[in-house]
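Please read the structure below before turning to the comments.
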Amino acid sequence: MNELRVRFAPSPTGPFHIGGARSALFNWLLARREGGKFILRIEDTDLERSSRESEENIKEALRWLGIDWDEGVDVGGPYGPYRQTERLGLYREYTAKLLAAGHAYHCYCSEDELEAERQAQLAKGETPRYGGRCRCLGDEDRRRLAAEGRKPTVRFRVPEGKAIIFNDLVRGTVSFESSGVGDFVIVKSDGIPVYNYAVVLDDALMRVTHVIRAEEHLSNTPRQIVIYEALGFPLPAFGHISLILGKDRTKMSKRHGATSVEQYKCLGYLPAAIVNFLALLGWAPEGEEEIFSREELISRFSLDRVAKNPAVFDVDKLNWLNAHYLRAAGPAVITELALPHLAAAGYVTLPLSGNERAWLEQAVAVVQEHISYAAQAAEHLAVFFKDDVAFESDEAAAILRDADIPPVMAAFRERLAALPALDDAAVKGVLKGIVKDLKLGGNKVYMPVRIALTGQAHGPDLIRLIVLLGKDRVLARLEKTLKAI
RNA sequence: GGCCCGUUGGUCAAGUGGUUAAGACACCGCCCUUUCACGGCGGUAUCAGGGGUUCGAAUCCCCUACGGGUCACCA
C-alpha cells in the first residue's frame with residue numbers, strides 16, 4: 001500500500017542529456033533500493049519540439065545504462081497511458097473541476113498583450129507577472145471576447161498572501177510566498193495542458209510518492225503544490241537534486257564537450273563506468289571506495305547523502321573510471337568498441353575476418369593500459385598500421401645518426417631475417433644478443449630500433465610490436481627508415 | 001531586477017560544536033619497467049569574506065560577495 005513509487009519523466013525534445021541520465025539513475029537506484037516502482041513517463045506536450053525519434057533515443061540510452069522501468073511507455077502498467085499526449089481526455093476532466101470550483105478561469109489575453117504587459121513591468125523594474133485582467137470576467141465579457149475570435153487559455157487562480165512551505169528531501173525546508181507567483185496558464189489555447197499542470201495530474205494519478213528531479217524545477221514546485229491542494233490530492237515528497245555544471249560552472253551544454261549519453265556511448269565509454277561516475281556526482285557513499293557495481297550502488301544509495309551544491313562534470317575522473325572498467329573488460333570488448341573508430345581512421349575494413357580480429361585483439365591488448373575510452377584506440381594503435389614511418393621530431397631522427405647505430409641496425413636486420421618464426425622469446429633473444437655482442441648499452445639498441453620502426457621515442461612494448469608486425473613489415477619499415485636518414 | 005537554492009584543495013567530496021579537516025581524480029616526486037602506460041609509495045593544495053553565539057566553530061545565527069536556478073500559451 002505505501003510502496004515507494006518514483007518516476008522519470010523526460011521530454012523527448014532532443015538528444016538525451018547526461019543530466020537527465022543522472023536524474024533517472026537516482027530515481028531508479030531509490031526504487032531498486034526500496035523495492036519500489038520506477039515509472040517512465042514521456043512528457044510530450046510540447047508538440048513542436050517533441051519527436052518519437054527522441055523518445056526512442058531516450059529509451060535506448062536508458063536500456064544501455066541498464067536502467068529498466070516497471071511501468072511506463074512500452075511496458076504499460078495500471079495507471080497508463082504513459083505518454084502525456086495520450087492523456088488529454090483525463091486532463092480535461094480535472095480542468096472542468098478546477099473551473100467549476102473557481103480555482104481556474106479562462107483568460108482571453110493575447111500573447112502580444114501579455115508580452116507588452118511583461119515589457120512594461122520589466123521597464124519599471126517590477127517582477128513580470130500576470131496582472132489578473134481576466135480574473136473576474138463575467139459571462140457577458142467572455143462572450144464578447146470569444147466573439148472577437150480569441151481562444152482562451154485556462155489560468156490557475158493562485159491564492160494570495162499564502163506561504164507555501166514544503167520539506168525538500170535534499171534541501172530541507174523551502175518556502176515561497178504565493179504572491180510572488182501570479183496566476184499562471186495551465187491549459188494552452190489549443191487545449192494542451194502546460195507542464196506544471198500535467199505533471200501534477202500525472203504524478204497524482206500515477207500515485208507517485210517521491211518526486212526526485214533536477215533543481216531547475218525547484219521554483220516550479222510552489223505552482224504545483226497549489227494545484228495539488230486545489231484538487232485535494234495528497235502531496236508527494238519532493239527532492240531536488242543539484243544541476244551538473246560544465247568546467248566554467250555554468251549549466252552543462254554543448255560547448256562543454258559531449259553532453260548526451262549517446263555521444264559517450266559512441267566514444268566507447270562503458271555503461272557501468274557512466275553509471276558509477278554519475279552516481280558519484282552529487283552523491284557520496286559512506287566509506288572510501290570509489291568503484292561500485294550497479295548492485296553495490298543499489299544497496300548503498302540513499303537520498304540523505306545527496307549533496308545540495310551543484311557538481312562540475314569532471315571528464316578526467318570519468319576517464320579514469322572508464323579506463324578501469326575497460327581494462328577489467330579485456331581486449332575483446334575494447335576491440336569491439338574501437339572497431340568503428342579504427343574503420344573511420346582507415347586502419348581496418350569491416351567486417352573483419354577471424355584472423356584479422358584475433359590479430360587486432362592482440363594489438364589492443366598491448367595498448368589497452370593507455371586507453372581511457374575506446375575511440376582513443378585509434379591513435380594508440382596507429383603505429384601498428386602506418387608503415388610509412390615519419391619521425392616525430394629531429395631529435396628522434398638524430399638518435400639514428402649516431403655512429404654506433406649502423407652496426408646495430410645491420411645486426412638487427414640480419415638476425416631477425418634469420419629467425420624461422422617470430423615470437424616474444426625469439427625477438428627478445430635477438431635484441432639481447434645485440435646488446436651483448438656489440439657491447440653497447442640497451443639504450444643504444446632498444447630506442448633506436450623503436451624509432452626506426454615507428455618514428456617515435458615512446459610507444460607500445462617493442463617486442464610485442466615486432467612480433468605482431470611480423471618479419472616482412474618490420475624489415476620493410478627498417479629499409480625505408482634507413483634510407484630516409 | 002524579484003523570488004529560491006548553493007559556496008570545504010584545480011575537480012568530485014567526507015565532515016552535523018572539540019579531527020593532525022578523510023578519500024578519489026588531476027598534478028608533482030620516487031619505485032617498478034631498457035620507452036610510455038598500468039601498479040605501488042609519498043607529496044603540494046581546501047573550510048568565499050566579515051560580524052556575532054560559544055570555553056571552543058567548516059559545523060549555529062546575521063550581513064556581504066560570488067555562482068546557479070526560476071519568473072513562457074518550454075519542459
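Since the structure is predicted, the reported quantities are computational estimates derived from the model, not experimental observations. Lettering of chains follows the sequences in order, A, B, ..., and the numbering in each one begins at 1.
Distance from the side chain of A/Arg155 is smallest to B/C73 among B/G6, B/C73, B/A37. Residue A/Lys188 has its side chain nearest to B/C73 when only B/C73, B/G23, B/C38 are considered. Taking only side-chain atoms of A/His458, from C-beta outward, the nucleotide of B/A75, B/C4, B/C36 with the closest atom is B/C36.
Using a 4.0 Å cut-off between charged nitrogen and carboxylate oxygen, A/Lys188 and A/Glu48 do not count as a salt-bridge pair. Salt-bridge formation is not detected for the pair A/Arg133/A/Glu117: no Lys NZ or Arg NE/NH1/NH2 atom is positioned less than 4.0 Å from an Asp or Glu carboxylate oxygen. Using a 4.0 Å cut-off between charged nitrogen and carboxylate oxygen, A/Asp203 and A/Arg213 do not count as a salt-bridge pair. One finds no salt bridge joining A/Arg155 and A/Asp183 here, because no Lys/Arg side-chain nitrogen approaches an Asp/Glu carboxylate oxygen to under 4.0 Å.
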Sequence-aligned protein contact record of nucleotides 61-68 of chain B, with B where the base is within under 4.0 Å of a protein heavy atom and S where only the sugar-phosphate is: ------SS
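Donor-acceptor pairing under 3.5 Å, judged by distance alone, is present between the side chain of A/Ser189 and the base of B/C73. For A/Asp314 against B/A26, no side-chain N or O and base N or O form a donor-acceptor pair under 3.5 Å.
Taken to the nearest 0.5 Å, the CG atom of A/Leu281 stands 10.5 Å off from the CG atom of A/Asn276.
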Quick test: give all pairs of protein nitrogen or oxygen and nucleotides 46-48 of chain B nitrogen or oxygen below 3.5 Å, distance rounded to 0.1 Å.
none

Just the table, please: protein N/O against nucleotides 29-34 of chain B N/O, every pair under 3.5 Å.
from	atom 1	to	atom 2	distance (Å)
B/U34	N3	A/Gly442	N	3.4

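Only one option out of A/Phe8, A/Phe38, A/Phe301 pairs with A/Phe26 in a ring-ring contact (aromatic ring centres under 6.0 Å, His included); it is A/Phe301.
Nearest-nucleotide assignment on RNA chain B puts the 5′-proximal partner with A/Ala307, out of A/Ala457 and A/Ala307.
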